[in-house]
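Here is the structure we will look at.
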Amino acid sequence: WRRAVARLLCPPPAAAPAVLFNSLTFVVFFAVVLALHSAPIGWGAKKRNLLAASYLFYAAWNPPFVVLLWLTTLVDWYAARAMSRTEVPARRRLLLVASLVGNLGLLAYFKYGAFVLENFAHALAALGVDYRPPASDIVLPVGISFYTFQTLSYTLDVYLRRAQPAASFLDFALFVTFFPHLVAGPIVRPAILVPQFAEPRQGSRQQIGWGLLLMTLGLFEKVVLADGLLAPASDAVFGAAAPVAPLDAWAGVLAFSGQIFCDFAGYTTIAIGAALALGFTLTDNFRAPYAAVGFADFWRRWHISLSTWLRDYLYIPLGGNAGTAARTYVNLMLTMLLGGLWHGASWTFVVWGGLHGLYLVGERLLARRAGHQAVWRTVPGRLALALLTYLLVNVTWVFFRARDFAGARRLLASMLFVAPAGAPVLTSWLLGSALATVAAILAAHWTMRDRELHLVAERTPAALVGAACGVMLFLVVITQGGSNGFIYFQF
């Protein structure tokens, strides 16, 4: 008990910033924000409080980067308003280009500048030119990929006449910076969030209760499952400098599959819960993805706000599936390759996206040739497809997590039994706890595959829900000292 209290009140110093969802600092921060939002003051004052809190939340990571948020907000605000006031196509296109250049230019410089220079130097070296670029000290602003895509959806929707520009600059600025989703999503569309700032909103007793329950669930996923039970096995396997035993290789990859889900889904669950407690609704981002039957189904369930963004603003404008089959396959590959690059400035992420593109193309080809067979509509057939989907998704996670291609090749060779047997790196506890946790996650996904969490909670006795929430909160408290920053902050 003394260790648990010490961990909660005095967590060990970490490289990650202090205002994390899984920190005591955030608990205090959110309590103050919720109290101010519930105070008997005007709606305009409440929105200004939320905006100030959002800037404070972001500034805690790196204060100078707040300027990037201001720049993005101003460029897109004025570009969208100017587009709505003119019917001249050339002027509208010019304004859209200004928004695209402003947003994607910042993203390209901060996220991909060093990557481009490095690959340029490699290309010159292959031609016999010895070029050594200056050392790069560019710091990646946290959440830049998320808020860039969010603001781009605003100007694109106005340009395509899907939406009108926000009537209030305060509402638009709050849409860009709203702290629950600011640094790791979900990527919320303007048509969903901007109108919510137009009218006074305050969490009801039921919304606050449900929001706090979601925040507890998200913390449990992140702190207990992702960091406490899965990260040690994943880190040991992916950090090994030599081939590992096949069982350890599979356990490490399966552990990472559970870790990245619990880490990212935990963040978005906390974000959705925090917004709900304040009276706002954010879009869902995960729907039992490891119970997917096929890869199209997987992307309807995994990181939904990104997959739908790529579909609406990249895949469909490229032509989608409206053209020939070959053109559809090209569009799928381009979309997934760029989706992989969105995750990080590394060729391993491009390969990760490319594999998913190949899976989607292969799935379409097979569906055209054998999808009509009745076996795929039977329970055994669907279970076999689901198992194959999950196993192949785990192959892609190797490239997502590995530091380089050498490490990915080494791990895949162990998984496929084509390398000399390596030494075990996992203790019995790490191996057993990781596999048991992954099995529990898979069981939960299949149980919730076609169910909504809030409907299940409504049908469950309140005492049981309260007990489950209490157990999760207790486990969060006693595990807190071992928790880390969220994985998707690096994107």
Side-chain angles (χ1 to χ4, degrees), residues 15 114-115 118-119 121-123 125-126 225-264 290 295 298 302 333 336-337 339-359 362 387-439 441-442 484-485 487-488 490-491:
F115 176 69
E118 179 185 352
N119 284 276
H122 289 325
L225 300 182
D227 292 346
L229 293 172
L230 296 171
S234 172
D235 292 345
V237 169
F238 280 94
V244 300
L247 179 60
D248 288 31
W250 274 105
V253 174
L254 292 173
F256 180 72
S257 76
Q259 179 194 1
I260 194 167
F261 168 77
C262 292
D263 189 286
F264 194 19
Y290 291 148
F295 302 100
F298 176 80
W302 177 273
M333 285 301 302
M336 296 311 300
L337 286 169
L341 192 60
W342 176 90
H343 282 81
S346 170
W347 289 112
T348 54
F349 288 114
V350 176
V351 170
W352 172 79
L355 283 173
H356 274 284
L358 288 174
Y359 290 165
L387 179 61
L388 179 63
T389 301
Y390 179 63
L391 291 177
L392 290 179
V393 165
N394 273 278
V395 172
T396 70
W397 286 137
V398 173
F399 293 95
F400 193 97
R401 175 63 174 81
R403 298 172 183 173
D404 49 39
F405 285 117
R409 284 194 298 268
R410 190 164 54 242
L411 190 54
L412 285 172
S414 295
M415 293 168 65
L416 298 175
F417 300 90
V418 295
V425 295
L426 300 180
T427 64
S428 298
W429 162 251
L430 288 180
L431 185 66
S433 62
L435 292 179
T437 304
V438 170
I441 292 170
L442 293 177
N484 306 310
I487 293 174
Y488 263 70
Q490 64 184 296
F491 306 137

message: On a heavy-atom basis, which atom in S257 and which in Y290 lie closest, and how many Å separate them?
response: O-OH, 2.6 Å
task: Assess whether side chain to side chain contact (heavy atoms under 4.5 Å, CB included) is satisfied between V351 and F405, documenting all intermediate values.
output: CA-CA 10 Å; V351 170; F405 285 117; 3.6 Å; yes
- prompt: How many angstroms lie between CG in L355 and CG in L337, if you round to the nearest 0.5 Å?
  reply: 9.5 Å
field: Pairs involving residues 409-434, ordered by first then second residue, that meet salt bridge (charged side-chain N to carboxylate O under 4.0 Å, His left out) (sequence neighbours left out)
entry: none
statement: Hits for side-chain contact (heavy atoms from CB on, under 4.5 Å) against N119, two or more places apart or cross-chain, chain-then-number order -> F115, W347
- request: Check whether any side-chain heavy atom of V398 lies under 4.5 Å from a side-chain heavy atom of W352, and answer yes or no.
  value: no
field: With sequence neighbours excluded, residues passing side-chain contact (heavy atoms from CB on, under 4.5 Å) with T437
entry: L225, L229, L230, I441
Distance-only check: which donor-acceptor pairs under 3.5 Å involve side-chain atoms of residues 417-435, not counting sequence neighbours?
residue : atom : partner : partner atom : Å
T427    : OG1  : L430    : N            : 3.2
S433    : OG   : W429    : O            : 2.8
S433    : OG   : L430    : O            : 3.3

- prompt: Under the side-chain contact (heavy atoms from CB on, under 4.5 Å) test, which residues partner A249, sequence neighbours left out?
  reply: V244, L411, S414, M415
- line: Residue pairs meeting salt bridge (charged side-chain N to carboxylate O under 4.0 Å, His left out), one or both in residues 249-263, sequence neighbours left out, come to K222-D263
message: If the condition is side-chain contact (heavy atoms from CB on, under 4.5 Å), which residues does L392 pass it with, not counting sequence neighbours?
response: F295, Y359, L388
- line: Residues pairing under side chain to side chain donor-acceptor pair (under 3.5 Å) where one sits in residues 233-250, two or more places apart or in two chains, turn out to be S234-Q259, D235-R401
- line: dist F400:CZ -> F349:CZ (nearest 0.5 Å) comes out at 5.0 Å
message: In the structure I gave you, are the side-chain heavy atoms of F399 and L412 within less than 4.5 Å of one another anywhere?
response: yes
query: Are Y390 and F298 side-chain neighbours, meaning at least one heavy-atom pair lies under 4.5 Å?
result: no
query: Quick one: salt bridge (charged side-chain N to carboxylate O under 4.0 Å, His left out) pairs with a partner in residues 343-359, sequence neighbours left out?
result: none
query: Rounded to the nearest 0.5 Å, how far apart are CZ of F261 and CH2 of W397?
result: 11.0 Å
task: Write out all pairs satisfying salt bridge (charged side-chain N to carboxylate O under 4.0 Å, His left out) with one or both partners inside residues 344-358, taking only residues at least two apart or from two chains.
output: none
